Amino acid sequence: MNRRDFLHPRRLAQSAGHLLGALDEIRSAVEPAPPTDAALLRMARRAMATTFEVILPYGTPGAVEAAGAALDEIDRLEAQLTVYRDTSEVSALNREAASRWVPVEARLFDLLALCQRLSEESDGAFDVSVGALIKAWGFYRRRGRVPSDEERTTVLPRLGMSHVQLDRERRTVRYDVAGLEINLGSIGKGYALDRAAECLRREWDVRSSLMHGGHSSVLAMGSEPGGRRGWSIGVKHPWERARRLAVVWLRDRALATSAATFQHLEYNGRKLGHILDPRTGWPAEGLASATVLAPTAAEADALATAFYILGVEEARAYCTRRPEVAAVLLPTGAAQPIVLGLAADEIDFPRA
């Protein structure tokens, strides 16, 4: 986990969604595309079952040490947030919170409060209390299966952020149903990028950087060398490997993509994807990919999952309510994406 590498991990990626952590790697959902003639330092490390990369302009003071510190912060957060280690704070919370109020670290409490707000705003499409559902579908250990109706009926009452009680004064958490499990996979990578960026700004005075977690979660600080619009990010087609849906420009903003991929289950002649709708207990359908731009990477991660589940019209309504959020959505079977909330100078389309 602490190994440092200079890599170009374009082959290493993971789709966002209600999956969290121990999934097969898939093709990149987005493609950071800084200019080829720019001198950039790229430093990468494995964490959260994917590859995180910090990209800094060559000549950034203390660049290697700064990138290493940002990646160290991601390692530290994985140790706190993962459900794949019994020693993590989230694992301890899942063991104990159904029987007593559990004190949690201040920043983790704030993250849970954010998750609760985003769950309410998305009518439950984004929900981190889906650990039991992930296990029922076999995704927890990469052994996908279709659960029986009885299994899903048993699991559904144990889902929902309304069952997660937060005492803001004491910073304690309690679950009001037994068997509920929080799994932060649909927001964890973005949250880690936000904290890493905070480290770069506060400790190293970095003002220009591009970071990503498995290419599906991206955070841009400032602009790429020689650029004014920000950092250029290619949004890739979920199935056509050589095709881009669009190029978006990120400046002090984040982007995340949830996408249908080659990973699926065959069931009664249907192909079921891997992004679960916590409201029904079934994989979501209707969109091939959902790319969201938001002020923070945690929000972008969460809303990419939510929009993938909600579909175009509910995503449109959300972006209307929150104009700082934008989206590029590809409905299943559509030739071209639907763009919500992006100005003309924030997005380019490839020539036919």
Side-chain angles (χ1 to χ4, degrees), residues 1-5 7 9 12-14 16-25 43-54 64-98 102-115 128-132 134-135 139-142 164 166 171-173 175 180-204 211-219 254 256 296-299 301-302:
M1 238 8 123
N2 293 319
R3 178 176 59 87
R4 293 176 173 85
D5 295 311
L7 299 171
L12 302 175
Q14 180 182 341
H18 285 306
L19 284 187
L20 258 179
L23 301 177
D24 291 334
E25 292 167 347
M43 191 167 178
R45 189 184 304 173
R46 292 284 299 173
M48 299 186 181
T50 191
T51 296
F52 282 81
E53 186 177 33
V54 179
V64 173
E65 292 80 5
L71 294 169
D72 287 343
E73 178 71 356
I74 292 168
D75 278 343
R76 190 188 68 76
L77 289 168
E78 180 180 25
Q80 179 189 35
L81 304 179
T82 183
V83 293
Y84 294 96
R85 301 181 196 176
D86 292 339
T87 56
S88 78
E89 188 169 3
V90 170
S91 290
L93 184 65
N94 286 337
R95 287 194 300 270
E96 301 171 17
V102 179
V104 298
E105 184 263 338
R107 299 294 292 270
L108 175 57
F109 187 92
D110 291 342
L111 175 59
L112 294 175
L114 173 64
C115 290
V128 297
S129 68
V130 292
I134 291 170
K135 289 181 176 179
F139 292 139
Y140 181 73
R141 293 299 183 191
R142 293 188 281 186
V164 179
L166 303 178
R171 286 206 309 268
T172 56
V173 179
Y175 304 163
L180 184 146
E181 295 183 25
I182 282 176
N183 184 319
L184 294 168
S186 52
I187 198 170
K189 288 190 298 177
Y191 176 70
L193 290 175
D194 289 331
R195 295 288 296 274
E198 184 180 304
C199 171
L200 290 178
R201 284 191 295 264
R202 183 185 65 243
E203 304 295 336
W204 301 90
M211 295 182 288
H212 71 83
H215 293 274
S216 63
S217 302
V218 182
L219 178 62
T296 69
E299 289 177 295
D301 252 11

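Owing to the predicted nature of the structure, the values given are computational and were not obtained by experimental measurement.
Judged by distance alone, with hydrogens and angles left aside, the side-chain atoms of Ser217 form no donor-acceptor pair with the main-chain N or O of Asp301 at under 3.5 Å.
Once rounded to the nearest 0.5 Å, the distance linking CD of Glu78 with CZ of Arg46 reads 9.5 Å. Leu93 CG to Leu81 CG: the interatomic distance, rounded to the nearest 0.5 Å, is 11.0 Å. How far CG of Leu166 is from CZ of Arg171: 12.5 Å, rounded to the nearest 0.5 Å. Between the OG atom of Ser129 and the CG atom of Leu184 there is a distance of 10.5 Å, given to the nearest 0.5 Å. Considering CD1 of Ile74 and SG of Cys199, their distance stands at 9.5 Å, rounded to 0.5 Å. The CG atom of Leu77 lies 10.0 Å from the CG atom of Asp194; values are rounded to the nearest 0.5 Å.
Minimum heavy-atom separation, Val128 to Cys115: CG1-SG, 3.7 Å. The two atoms that bring Ile182 and Val90 nearest to each other are O-CG1, 3.8 Å, heavy atoms only. Residues Val173 and Tyr175 approach most closely at CG1-CE2, 4.1 Å, considering heavy atoms. Counting all heavy atoms, side chain and backbone alike, Thr50 lies closest to Lys189 at CG2-CD, 3.8 Å. Among all heavy-atom pairs drawn from Phe52 and Ala47, the shortest one is CE1-O, 3.5 Å. Summarising the geometry of Ala197 relative to Leu219, their closest heavy-atom pair is CB-CD2, 3.3 Å, with the distance given to 0.1 Å.
Under the salt bridge (charged side-chain N to carboxylate O under 4.0 Å, His left out) criterion, Arg107 pairs with Glu198, sequence neighbours left out. Partners of Arg195 under the side-chain hydrogen bond (donor to acceptor under 3.5 Å, both in side chains) rule, at least two apart in sequence or in another chain, are Glu73, Tyr191.
Screening residues 89-98 for salt bridge (charged side-chain N to carboxylate O under 4.0 Å, His left out) gives Glu96-Arg100 as the qualifying pairs, with residues at least two apart or on separate chains.
The side chain to side chain contact (heavy atoms under 4.5 Å, CB included) test with Gln80 is passed by exactly one of Leu111, Leu108, Val104: Leu108.
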Walk me through it: do Asp75 and Arg45 pass the test side chain to side chain contact (heavy atoms under 4.5 Å, CB included)? CA-CA 9 Å; Asp75 278 343; Arg45 189 184 304 173; 2.6 Å; yes

